[in-house]
Peer 1: 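Mind looking over this structure? Questions follow.
Every chain is numbered from 1, with letters handed out A, B, ... down the list of sequences. Reckoned from all heavy atoms, side chains included, excluding hydrogens, waters and symmetry mates. These figures come from a predicted structure and were not determined experimentally.
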Amino acid sequence: MYNTLSKTKEPLETLQPGKVGIYLCGPTVYKPSHIGHMVGPIIFDSIKRYLTYVGYQVTWVVNITDVDDKLIAEASKRGMTMQAVAEEMTADYHRNLGAMGIDTIDHFPKATEHMAEIIDFTQKLIDRGFAYEAEGDVFFDVGRDREYGKLSGRSLEAMQGEGGGAAGRKKSSTDFALWKGAKPGEPSWKSPWGEGRPGWHIECSAMAGKILGESFDIHGGGLDLVFPHHENEVAQSECCHGKPLAKYWMHNGLMQATGESGKVGGRSRQAGEVGAASSVAEGDQAAQEAGKIGKSKGAAAFSELLKKYAGETIRFFLLSTHYRRPIDFSEERIDDVEKGLDQFYRFFERYKRVTGEDFYTLAAAAKREQGEFTPGVDAIEQAVAEHRKKFLEAMDDDFNTGGAIGDLFELVRLLNRFVDAEKLEGAGKSDAAKLAVLKRGASVMRELANTVGLFRSPVQKPGSSAGAGDELVGKLMKLFIEVRADARKNKNFATADGIRKGLAEIGVVLEDRPDGTSWSVQK
RNA sequence: GGCGCUGUCGCCAAGUGGCUAAGGCAGCGGAUUGCAAAUCCGCCACCGUGGGUUCGACUCCCACCAGCGCCUCCA
């Protein structure tokens with residue numbers, strides 16, 4: 001796996017044998033989550049599943065930052081208490097995770113529920129000389145940390161800023177707040193330094209330390225958090241405990257909003273070479289349109305996206321590329337991915353028609369070593385074994401879900417080909433031995449998909465399900481199909497095609513098979 | 001300006017110092033079908049540009065070009 005700290009891939013060697021502790025930076029709950037917030041959770045949900053499959057016992061923590069300047073601002077804007085805003089957005093976040101099938105997170109610590117730990121942590125840093133109080137604020141003294149900058153690869157000299165609003169009280173502009181004194185009317189907690197609230201980074205250090213220990217295995221987050229958030233976490237935690245915070249740092253690429261402004265940005269940059277200063281603002285504006293989702297004003301709430309796409313579609317979309325790579329977000333792209341996904345869903349339906357069994361509840365190996373696949377005499381089993389191997393190799397190489405999914409596609413095609421070649425579909429065909437081969441292949445598919453949290457249950461696509469489950473609709477469709485079958489029998493194809501065409505226009509697709517006609521609702 | 005990432009088929013996207021550079025979407029041809037749909041088969045890439053290292057590079061190094069991120073509170 002790739003480690004931001006060393007900038008190389010390293011083998012996973014856990015602190016405790018067989019156990020992995022993961023801390024992922026969660027959201028600051030001041031606004032509804034957008035798709036960018038789902039990237040980390042989806043990736044780490046898959047990583048946890050995979051590591052569990054490989055044989056580790058994984059503890060995964062995602063924090064909820066529910067006290068923050070932005071939250072205070074949002075609360076006053078909406079005339080609510082900070083707590084009410086936080087609760088509303090936390091609920092939104094949980095709904096989104098649920099829709100995504102992310103149910104492997106073990107702990108969701110909240111900053112406001114860990115004030116004692118945060119204050120204690122801050123006090124320790126003061127006691128050890130790494131932090132200082134100034135008029136009710138407490139700052140981390142960056143100058144005291146020799147290793148500061150090791151994660152993000154920055155030198156202190158290179159970082160000069162004006163120090164924000166608290167410049168006057170800081171020893172150095174690079175110092176950051178551990179504790180902020182409260183202004184009148186702001187939510188606050190009692191502390192040795194007066195009423196106040198925690199700074200941005202401290203809650204992660206305090207809660208990670210409490211749940212996972214002073215040192216743990218993997219710390220994750222978006223690439224944009226490397227600096228300053230993670231750098232500061234490292235600084236305060238390692239100065240406080242005198243030992244490494246996390247052994248591995250994993251950072252996911254950011255979701256980008258696509259826009260036609262890419263060219264505009266390029267042009268203004270070229271202009272900037274001539275008149276350096278003047279074009280900066282221009283460039284920034286272009287970046288807002290084409291840049292990452294987090295800064296894009298048009299970032300739709302994730303819950304809106306879920307009205308259009310199934311959670312699994314989004315998951316598949318994100319998993320289809322490598323986690324460290326930035327992804328451009330556009331609905332066309334998700335549409336494409338969804339079409340590919342349909343290939344799997346159709347196979348699962350076909351599987352049921354052929355074997356009479358449900359793919360989703362198919363028994364499969366839960367652990368890697370249990371699944372070692374010994375091919376039988378059929379050539380197809382050789383191929384299944386190879387795909388399993390390739391899939392696992394891809395996942396072993398820095399969780400390459402994109403490559404792994406490619407193998408899944410090859411696996412479906414293999415299985416489809418087998419059904420075709422052996423003519424397993426159709427009335428009266430039930431060669432038990434061949435069916436057993438199919439089942440073994442499908443169970444490998446089941447096993448592999450489980451490792452990344454895919455195809456866990458049948459998906460209802462938004463927009464395509466309207467009425468489909470309705471009993472009356474079912475009866476009507478049955479009637480249509482019978483009438484049409486009659487027409488076909490009498491070679492009255494004009495009528496038959498007319499029915500099919502008419503239904504297609506209202507989004508119902510008929511498929512004629514040797515053993516009958518099936519129907520489904522398209523989006 | 002500093003630190004870093006990326007550039008592979010029309011679009012998306014794996015991957016490798018040397019045998020056929022995955023896969024998906026789109027497209028084209030075929031099998032199948034009364035016609036479709038679905039499925040299967042086949043076709044569709046001189047790996048940003050220019051140097052260098054090497055017996056050999058798309059893969060390593062350098063330069064350049066293009067796009068992108070971070071540089072104090074965005075996952």
Peer 1: Identify which nucleotide among B/A75, B/U72, B/G24 has an atom closest to any side-chain atom of A/Thr174, counting heavy atoms from C-beta outward.
Peer 2: B/U72
Peer 1: Is the closest basic N to carboxylate O distance between A/Lys423 and A/Asp431 below 4.0 Å?
Peer 2: no
Peer 1: Please give the distance between the P atoms of B/G7 and B/G42 as a whole number of Å.
Peer 2: 29 Å
Peer 1: Measure from the side-chain heavy atoms of A/Phe409 and tell me the nearest of B/A13, B/G23, B/U39.
Peer 2: B/G23
Peer 1: Counting only side-chain heavy atoms from C-beta out, which of B/A22, B/G15, B/G7 sits nearest to A/Arg325?
Peer 2: B/G7
Peer 1: I'd like to know if A/Arg353 and A/Asp515 make a salt bridge, using a cut-off of under 4.0 Å between side-chain N and carboxylate O.
Peer 2: no
Peer 1: In whole Å, what is the span from the CG atom of A/Asp224 to the C1' atom of B/C70?
Peer 2: 8 Å
Peer 1: On RNA chain B, compare the nucleotides closest to A/Gly253 and A/Ile327; which residue's is nearer the 5' end?
Peer 2: A/Ile327
Peer 1: Students often get this wrong, so: under 4.0 angstrom with heavy atoms, is A/Gln343 touching a base, only sugar-phosphate, or nothing?
Peer 2: sugar-phosphate
Peer 1: Taking for each residue the nucleotide of RNA chain B with the nearest heavy atom, is it A/Cys25 or A/Pro228 whose nucleotide lies nearer the 5' end?
Peer 2: A/Pro228
Peer 1: Within this structure, what is the CD1-to-P distance between A/Ile47 and B/A75, rounded to whole angstrom?
Peer 2: 19 Å
Peer 1: Among B/C41, B/C12, B/A75, find the nucleotide with the atom closest to the side chain of A/Arg333.
Peer 2: B/C12
Peer 1: Is there a donor and acceptor pair closer than 3.5 Å between the side chain of A/Arg488 and the base of B/G34?
Peer 2: yes
Peer 1: Let's see if you can work this out: which of B/G4, B/U16, B/C73 has an atom nearest to the side-chain heavy atoms of A/Lys7?
Peer 2: B/G4
Peer 1: What about A/Arg500, does its side chain sit under 3.5 Å from the base of B/C35 through a donor-acceptor pair?
Peer 2: yes
Peer 1: In whole Å, measure the gap between the P atoms of B/G69 and B/A13 for me.
Peer 2: 16 Å
Peer 1: Per the atom types in the model, does the base of B/G34 pair as donor or acceptor with the side chain of A/Asp497 at under 3.5 Å?
Peer 2: yes
Peer 1: Could you work out which one of B/G15, B/C25, B/A22 sits closest to the side chain of A/Lys339?
Peer 2: B/C25
Peer 1: Among B/A13, B/A75, B/C25, find the nucleotide with the atom closest to the side chain of A/Thr321.
Peer 2: B/A13
Peer 1: Does a side-chain N-to-carboxylate-O contact under 4.0 Å join A/Asp497 and A/Arg500?
Peer 2: yes
Peer 1: Base, sugar-phosphate or nothing for A/Arg324? Non-hydrogen atoms, less than 4.0 Å.
Peer 2: nothing
Peer 1: Which listed nucleotide (B/U39, B/C41, B/A14) is nearest to the side chain of A/Arg350?
Peer 2: B/U39
Peer 1: Between the base of B/A38 and the side chain of A/Arg346, is there a donor and acceptor pair under 3.5 angstrom?
Peer 2: no
Peer 1: From the options B/A13, B/G15, B/A75, select the nucleotide whose nearest atom is closest to the side chain of A/Pro27.
Peer 2: B/A75
Peer 1: Using the side-chain heavy atoms of A/Arg154, tell me which of these nucleotides is nearest: B/C40, B/A36, B/C71.
Peer 2: B/C71
